[in-house]
Amino acid sequence: MNRFEELGISGNVIKAIAELGFESPTPIQEQAIPVLLKQQSDLVALAQTGTGKTAAFGLPLTQLIDFNRRNVQALILCPTRELCLQITSDLKSYTKFISNAHVTAIYGGSSIDAQAREIRKGSQIVVATPGRMVDMIDRRLVDIKQIRWAVLDEADEMLNMGFQEDLNTILSHTPKDKNVWLFSATMPNEVARIARNYMENPHEITVGNRNQGASNINHLFYVVHARDRYNALKRILDFNPGVYGIVFCRTRAETQEISDSLIRDGYSADALHGDLSQAQRDFVMKRFRAKTIQMLVATDVAARGIDVDDISHVINYNLPDEIESYTHRSGRTARAGKSGTSIVILNMKEYGKIRQLERILGKKFTESKIPTGFDVCEKQLFHLVKKIHDTEVNEKGIEQYLPKIMEELKDLTKEELIKRFITDEFSRFLDYYKNAHDLNISPEVKKERNVNTKRMFVNLGQLDGLDNAKLKQFINNYSKIQPTPVVAADVRHTYSFIEVDESLYEQLRMAMEGAEHNGRPVRMELSARAKRDSSGNNYGGGAHSHGRGKGRGWSAGGGDKKWGRGHSGGRGNFREGRKSSRSYRDKK
Ligand code: AMP
C-alpha cells in the first residue's frame, strides 16, 4: 500500500497519479487529504503554488464525488484563465481511469455557449473564473444549487483582482450545507472574512512552499532591444557554460523557432510544445531528464508538470501574459531545496512590468548587464580550464597511447603546451566573440523611452476577442499617431486599461472620438485612479512613469488592495456597457 492509499485514495486514482510521477504526498496533501475526506470538512489552507495544493483538494474530490450522477457537485473558483485550465487538466488526469468523470473549465474569452454545452453533458466538477461564472449564473446556464463542495483557490489573488462581489454572488447561489475549502498564499483580513462568513470552524493548515519558499531563486532581468533578444539569449547561455534549464517562449511557433536556431548555432537544445505528438514530447523529456540536452525550449502549457530537480536556470525569453505563469515558470528551478536563477529578457517597452512583478510577488529582481564578448570568453575559458583541472584521468584507457604522445610533444614546454591546447579548443569561440557588440541599452536611450503615461479605462476586453497586443495595435493603428501613443495594455475579461504617453494623450482622445470596434462604440476615459492622481491627492501625485513601473495592471491583475477597490467601480460601469453590447448583438 502506498502512502496515498493509506490516506484514503483509491486504486484507479492511485494508478493515474502514479503515471504523473506522484510517489509520495507533499506536506499539504499529507495534511489536507484525511481532513477533506470527512463528511463535514471546511478548510482554510495557507499554501502557495508549487506545494501540490491542486492535488490536495483534487484527490479528495475524486473520492467524494458520485460520478454515476451527472450533476455539478463541486465548484472550484480560481483567479485566472490559466490556472483554471491547469486545474481542469490536473483533475482530468487524476480521474483518467474513472468512467463518467467529467470536468469542465469555465473562463472568459472563449464561447460561453460551448462551455454551457460541456456542463450539460454531465459535468460533476466545474472549474471557473469568477467573472465568467457570474455571467453563466445570470444567464442560467449552470445550476450550482446542489453542489456539495466549493473550493476557493488562490483566494487572496481573487480578492486582489476585485472579485469579492462576484464571489459573494456565486456563493449565494450555492446550498448552505456545502463544504468550503479555501486555499490562499496569504491571509489578509478580506480572506479571513470569507472564512468567517462562509465556514463553520474550519480546519486550518499552513505549509511552506515545496520549493522552500522559493526564496532560493535569484531573479535577474536583462533589458535589450527587441531585435537583440535572441543574441542576448545566446550570450546568457554562453556565459553560463554548465547551464541546465528551460527557455520559456510564448507561442508554439516561437518555441520551435528558438529551439531550431539554438540547435543550428550549436547549442544542446530541443523544443517541447503542443504541436508535437505525445511520443515526441516523451522523447524530448526523456533526453532532457537524462541531461542529453541542456536546454529545453518550451511553452508554458507544455512545461506544466515538469518536475526535474536540478534545473539551474529558467529563462523567460519574454514575459508571460499572466503573472501567475511567471511563478510557475520560475518555480521549475530551485526545487527540492536547491537554489536556482530565473532570468527575464525584456525589451524597453516591458521595462515597467518588472516593478509590477516585484510588487506583486514580493521578490526583488536584479537588473544585470548582458555580458560582453570578453566576459563570455573569460567565463568559457575558465570553465574549460577548471574542467581539465578536475578531470579524472583514465589511466587504463590512455596507457597504451601515452608513450607515443609524450614522444610527439617532448619539445614543448608546459606553457607552450597549454597555449596551444587552449588555442585549439577555443579559437572558434574567440573568433565568434572577437567583434561582438554590446547588447546593453545605453542609459540615455533608457531614459528617453521612460515616458510619463496616463492610465485610461477602455470598454473593450477579452470578450471582444482582444489581448494586450491586439488592443494596443487596434488603438495605435486606429489613431494613426506617431510615435505610437499606447505603451502598455492590460486587457481584462470585459474591459481594459491602457497606459498612454502623456504627451500624446489629448491627441489620442480626439483621434479616438467616434471609434468603433466590431460595430461597438469604443469608450475611453481616464481611469478613476489617474483622475485621483491628477487631482494630486494620492500616490504622490503626477502621472505614472511607465519606465519606473508605477503604471499598474498587466493581466493576472494582481496588484494591491487599493487597486482591487478602485477597480470594482470600473467593473460596475462596464457591466452596463456589457448589457448594452449584448442587446446590440441581439438586435443584429
Ligand atoms: P501545485 O501546487 O498544485 O501547482 O503543484 C505543483 C507541482 O507539483 C505540479 O507540477 C504537480 O504536478 C506536482 N505535484 C503535486 N503533488 C505531487 C506529488 N505528490 N508528487 C510529485 N509531484 C507532485
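Note that these values count all heavy atoms, side chains included, but never hydrogens, waters or copies made by symmetry. One-based numbering, in listed order, for ligands and for the atoms of each.
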K.L.:
Out of all atoms in ligand 1, which are within 4.0 Å of some heavy atom of Ser24? Include the element for each.
P.N.:
18 (C), 19 (N), 20 (N)
K.L.:
Check whether Thr95 reaches the backbone of Ile98 with its side chain - one donor and one acceptor, N or O, closer than 3.5 Å.
P.N.:
no
K.L.:
Under 3.5 Å, N or O to N or O, is Asp90 touching ligand 1 that way?
P.N.:
no
K.L.:
So does Phe283 have more than 12 non-hydrogen atoms from other groups sitting under 6.0 Å from CZ?
P.N.:
no
K.L.:
Ring centroids only, cut at 6.0 angstrom: are Phe183 and Phe57 within range, meaning strictly under it?
P.N.:
yes
K.L.:
Between Thr174 and Ile144, is there a donor-acceptor pair closer than 3.5 Å when you use the side chain of the first and the backbone of the second?
P.N.:
no
K.L.:
Among all residues two or more places apart in sequence or in another chain, which pass the salt bridge (charged side-chain N to carboxylate O under 4.0 Å, His left out) test with Lys234?
P.N.:
Asp265
K.L.:
Less than 3.5 Å between some nitrogen or oxygen of Gly52 and one of ligand 1, yes or no?
P.N.:
yes
K.L.:
Output yes when the distance from some N or O of ligand 1 to some N or O of His328 is under 3.5 Å, and no in every other case.
P.N.:
no
K.L.:
Looking only at distances, please establish whether an N/O atom of ligand 1 is found under 3.5 Å from an N/O atom of Thr54.
P.N.:
yes
K.L.:
Measuring from the heavy atoms of Thr51, does anything fall under 4.0 Å of ligand 1?
P.N.:
yes
K.L.:
Taking the six-membered ring for Trp and the single ring otherwise, decide whether the centroids of Phe248 and His328 are under 6.0 Å apart.
P.N.:
no
K.L.:
Within ligand 1, which atoms have a heavy atom of Phe4 less than 4.0 Å away?
P.N.:
19 (N)
